[in-house]
Protein chains: 2
Amino acid sequence: MTTTGMTETSAEAAHPAPVRTVDALADSIRAAGLKVTAPRLAVLRALADAPHSTADRLFTDVRTELPGTSLQAVYGVLAAFTAGGLARKIEPSGSAALFERRVGDNHHHIVCTRCGTVRDVDCAVGEAPCLTPDDAAGFAVRAAEVTYWGLCPACQVELATTLTGPPLLSNKGAR
Amino acid sequence: MTTTGMTETSAEAAHPAPVRTVDALADSIRAAGLKVTAPRLAVLRALADAPHSTADRLFTDVRTELPGTSLQAVYGVLAAFTAGGLARKIEPSGSAALFERRVGDNHHHIVCTRCGTVRDVDCAVGEAPCLTPDDAAGFAVRAAEVTYWGLCPACQVELATTLTGPPLLSNKGAR
DNA sequence: CCGTTGTTTTGAGTTATTCAAAACACGCAC
DNA sequence: GTGCGTGTTTTGAATAACTCAAAACAACGG
């Protein structure tokens, strides 16, 4: 655990309400051309509950409902999901990879520099956003990824009140 | 070296011509409030020669002119440079951290999904670019970082001619 | 129900990076 | 110029986050 918890606490409804019933989850897994298995269902549900989670966090979550699961299984499931378009992998600088159920929309992320919390941010520029740099140096651009860095509301408050300014970035498991 | 050569071959003049004379390099190090040492000079010069290099690549480069240098020293130097505003660290998904001499301007990067080459891209939207998302979810935004993904000119050619397609370097968000 | 093929477990390896203690050296004071 | 204090670098080792591979296992089409 190099950096922070980089996860969401709980009630973190994504814009499109995430599917949670077992059969709905199973359906989306099947729809991605994958076999439906217990670990996959568990990971997908954990992902619905806590977007922007690390593999490790998902592993812990999954273990509570499916104790026999291995970490490698979680990595495998996430790789399959990512390849199948069921999930998206993001890798903010300084943190382990985070996963979220992919919405197909192209949204971006804002990361708190202090506590590591991640939130979704809709693309300001509409559909294909910053997708066209002025000079792409001859590259055929396929995708653009924007990461915003800043202070989350909670950390703003903490910094404002706590004039005794100690922490700043890389605080431990402050969930 | 998990991925590819994530570096620049050679003649890769950054927009503002990089400083290369020993005393100029020394000056900028001093200006950052750091002691001038041989490893630091070597790393800074290597960085001028090959922007977007990994610590390991810089280590190799530095070794040719300063054989006694340790990898940890390079990491230390880069950390000091980054903290002192002499260099910038970028971490494209799937690759080790890359370093470049920071220009203070806010430019972004385009990464080839096939060979890993990185180029600078000026911000299309002017000074403070995509810095203001519509809804920042209450975050105090401090910075925005854009990463473009696509095919570099060379790889476009290779893919076009080599119809025998054994391509693709663990392709990222190619959607 | 059965076999095939895709998954998961088990066990081990790798890479990029960080930590810590001791040797060293830059550059200011004298 | 020389000595010294503090910042650097070397040396040595540890860690986090993944990845690889072989064997056990289980979905699901027939």
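Residue numbers begin at 1 in each chain, while the letters A, B, ... track the order of the sequences. Below, each value reflects all heavy atoms present in this structure, side chains not excepted, and no hydrogens, waters or symmetry copies.
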Checklist entry - Could you give the CG-to-P distance, from B:D56 to C:dT14, as a whole number of Å? => result 16 Å
Next on the checklist: Considering every strand and a 4.0 Å limit on heavy-atom distances, what is the contact class for A:A97: base, sugar-phosphate, or nothing?
Outcome noted: sugar-phosphate
Next on the checklist: Could you tell me how far apart A:F99 (CZ) and D:dA17 (P) are, to the nearest whole angstrom?
Outcome noted: 12 Å
Next on the checklist: Taking the minimum atom-to-atom distance to the side chain of B:S70, which one of C:dT9, D:dT10, D:dT8 wins?
Outcome noted: D:dT10
Checklist entry - Taking only side-chain nitrogens and oxygens of A:R40, does any of them come within less than 4.0 Å of OP1 or OP2 of D:dA27? => result no
Next on the checklist: Mind checking if A:L71 touches a base, just sugar-phosphate, or nothing, with heavy atoms under 4.0 Å?
Outcome noted: nothing
Checklist entry - How long is the line joining CD of A:Q72 and C1' of D:dA16, in whole Å? => result 14 Å
Item to check | For atom CG of B:L78 and atom P of C:dT17, their distance in whole Å | outcome: 10 Å
Next on the checklist: Considering every strand and a 4.0 Å limit on heavy-atom distances, what is the contact class for A:A55: base, sugar-phosphate, or nothing?
Outcome noted: nothing
Next on the checklist: Rounded to the nearest 0.5 Å, what separates atom SG in B:C115 from atom CD in B:E158?
Outcome noted: 8.0 Å
Item to check | Nucleotide nearest A:L34 when distance is taken to its side chain, options C:dT7, C:dT8, D:dT8 | outcome: C:dT7
Next on the checklist: Could you tell me how far apart A:K35 (NZ) and C:dT5 (C1') are, to the nearest whole angstrom?
Outcome noted: 5 Å
Checklist entry - Taking CG from B:L41 and C1' from D:dT8, how many angstroms apart are they, rounded to a whole number? => result 13 Å
Item to check | With B:V43, the side-chain contact (heavy atoms from CB on, under 4.5 Å) member among B:V77, B:T37, B:L86, B:L25 | outcome: B:V77
Item to check | Rounded interatomic separation in angstrom, taking CD from B:E91 and P from D:dA17 | outcome: 13 Å
Checklist outcome for this item: Taking for A:R30 and for B:A38 the nucleotide of DNA chain D with the nearest heavy atom, the one nearer the 5' end belongs to B:A38
Checklist entry - Between atom OH in B:Y75 and atom P in C:dT17, what is the gap in whole Å? => result 4 Å
Item to check | Under 4.0 angstrom between A:T37 side-chain N/O and C:dT8 OP1 or OP2 | outcome: yes
Next on the checklist: Between A:D61 and A:R57, does any side-chain N to carboxylate O distance fall below 4.0 Å?
Outcome noted: yes
